[in-house]
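Notes to accompany the following structure.
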Amino acid sequence: MSKVLTLVFGLVVSLSSVASAVERHVVVITIDGLPSSYFNDPHASLPVIRGLAKSGVAAVDGMQVSNPSVTWPNHTTLMTGVHPETHGVLFNGGLERSSVTKAVHVNPKKTQQELVKVPLLFDVIKEAGLTSAAINWPCTRGSTSIDDNFPDVPDEIQHSSPRLVKELTESGVLRHFKDGGSIVRDEVWTDAACHVIRQRKPRLLAFHLLNLDSTHHKYGPNSAPGYTAAALCDAMVGRVVKAIDDAGLRDRTTIFVVADHGFAAIQKSISPNAVLRREGLITVEKGKITSARAMVIPEGGTGLVYLTDPETATQDAETVRRLFQGAEGIVAVLGPDDFARYHMPTPATHKDMANLILVAKDGYTVGGSTAGDEFVVENKAGNTGSHGFVSTEPKMNAIFVASGSGIKPGVKLKSLDNSDVAPTAARLLGVPLKQATGRILTELLAEGD
Ligand SMILES: [Zn+2]
C-alpha cells in the first residue's frame, strides 16, 4: 500500500471508530419474569432472542438479580448500576407510613424524584447531550431527562410525554390501551417502542414487556400459558429488531434482552399478617387494618416486616422471630445485620427499609391477607408462580443476551450481576457511569470498546 493510501485508510478507520463511539445506539429490553432457564429449555420458543444470542452473547447461567427480586427495584438497578442499598427502591412503589402503630402501605403513584436516590442512566447521558426514550419503564414518572417517556406507573398516559401521546393517539395505537388486558398493553408498548425508534432514533431506549409476569403469576413458570406468553414476547422483540432495521440503525445498535427476575412455581401461600392479627399486633375492623404494631408487606418469596412503634419494637421483633422462625414455609428470619449481605439498606440508612425479612421456602409465597386462621393455605388450582425470593436462589436468575454493535460474538459469559448492565451500556454509549458498583463487562466488548 502506498503511503498516501495507508494514510487515507488510517484516516477512514480512525474516523469510523470515532463515528461508532459517537453514534452508537443502545436498546435495553426487559421481559418481565423471564427466567434464564428458558434460554436452553426445549419447550420455550424463542427464535428471535436465541438468534440475537447466536450473533452475540448469552449468559450460560443467566444474570443474578437484586434483592428484593421484584420489578421496580431491579429495573432501577438495570438503569443505575447500583443495588437497592444505594438506589433506594424497595417495592413497586414507595412506602407510606402514617403514624406510630398505623399500617404501612406501598403507593405506586410516585415520581422518579421520590423513589430513586441516584441518577438514572437517562439522566447521565442527557448531561452528555444524548437523547433517550423509555417505554413502560418503572420509576421514570416525572423524568426531566427522557425525551419520549411512557412510564410504568398508574395513569400512565397522563404522565407520558405529550408529543408521544399525541402521535400514538393520532395513529390509533392507544385505542385499546385503557380497556385492553396485559397482552394488548404489551402490544401497545411494542408499537410505541417501534414508533420511537423509527421517528426519533434515540441513543438509548429502555423498553419493558409485562405480560409474561402476569401469566407466570397465574399459571406458574414452565406451564403451557407461560411458554406461550414467552413466545409472544419473543415475537414482540422481533418487531423491535425490525424497527431498528427500518430506521437504518442495525449496524450501530447494541441490543440487550434481559429480565428483572426469574420465577418459581408455588404450591402454598403463607399469611403472616393473619398470625400477627391473632397475636394482637394487628387490629382489623370491617376488613380494614386499623392498627399495626407489626405487619408484613409481601414481596412474593420474601415478606418485609415493619415494626411501627419504636417503644415496643425490640419486644415486637422478638415476638415476630418466635412466631415465624422454624414455622412451616419459612427458611429464615433476617435482621438488619444480614441486610448488607443482600445489598439491601438497613432501617438506619433508609427510612423505608423493613426491620426484619421473612424468607419463604421454595414452593411457598408470602401473602398480605389478615383474614382466616390458617397460616398455610394450599393452592387449589395447581401451581401458581412467584418471585421475590433471595437472589442467590438460581430460579430468580434472569435471562441475559447482548448482541449487535460493539459486542464480541461467542464470548462465554459465566456469571454476571444485573448491576453490570448499566455501566456496560454507558461504556457502549461513550459516557462514563461513575456511580456504578457493577462492572463493565469488558470481556464481551469488541476491540476498541
Ligand atoms: Zn417483574
Side-chain angles (χ1 to χ4, degrees), residues 28-39 49 62-80 83-84 87 89-94 106 108 110 115-116 134-141 150-154 156 181-183 185-186 189-190 206-223 225-226 229-230 232-234 236-237 256-266 297-304 344 360 365-366 368 384-391 393-401 417-419 421-422:
V28 178
I29 303 171
T30 50
I31 300 177
D32 202 304
L34 181 58
S36 60
S37 60
Y38 271 40
F39 187 75
I49 295 170
M63 174 171 72
Q64 188 161 321
V65 303
S66 302
N67 292 300
S69 59
V70 296
T71 303
W72 289 20
N74 277 285
H75 277 82
T76 307
T77 299
L78 288 165
M79 273 299 132
T80 57
H83 291 120
H87 66 58
V89 182
L90 303 170
F91 315 93
N92 296 341
V106 173
K110 297 280 181 182
L115 293 169
V116 192
I135 305 296
N136 194 34
W137 202 267
C139 304
T140 59
R141 179 184 143 189
F150 191 152
D152 179 5
V153 73
E156 49 282 269
S182 61
I183 300 170
R185 289 161 73 88
D186 266 9
W189 288 317
T190 305
F207 169 49
H208 168 211
L209 287 168
L210 194 48
N211 176 56
L212 180 66
D213 179 80
S214 325
T215 309
H216 276 165
H217 276 293
K218 196 166 178 187
Y219 301 100
N222 310 103
S223 60
L232 183 58
C233 289
D234 186 80
M236 287 172 175
V237 173
F256 291 93
V257 180
V258 295
D260 50 351
H261 49 75
F263 247 90
I266 297 298
I297 293 195
E299 300 228 71
T302 46
L304 271 58
M344 295 181 83
T365 188
V366 179
T384 57
S386 195
H387 51 90
F389 292 87
V390 289
S391 68
E393 161 58 53
K395 288 177 188 171
M396 293 301 103
N397 283 3
I399 199 162
F400 174 91
V401 168
D417 186 279
N418 67 348
S419 61
V421 172

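Atoms within each ligand, like the ligands themselves, are counted from 1 in listed order.
When ring centroids are compared, His217 and His387 come within the 6.0 Å threshold. Checked against a 6.0 Å centroid threshold, the rings of His75 and Trp137 count as neighbours. For Phe150 and His208, the distance between ring centers is not under 6.0 angstrom.
Closest of all the heavy-atom pairs between Asn222 and His216 is N-NE2, 4.5 Å.
With 2.8 Å as the limit, His387 does not count as an N, O or S neighbour of the Zn ion (ligand 1). Residue contacts to the Zn ion (ligand 1): Thr71 brings an N, O or S atom closer than 2.8 Å.
When OD2 of Asp260 and NE2 of His261 are joined through the Zn ion (ligand 1), the resulting angle is 100° to the nearest 10°.
The N, O or S atom of Asp32 with the smallest distance to the Zn ion (ligand 1) is OD1.
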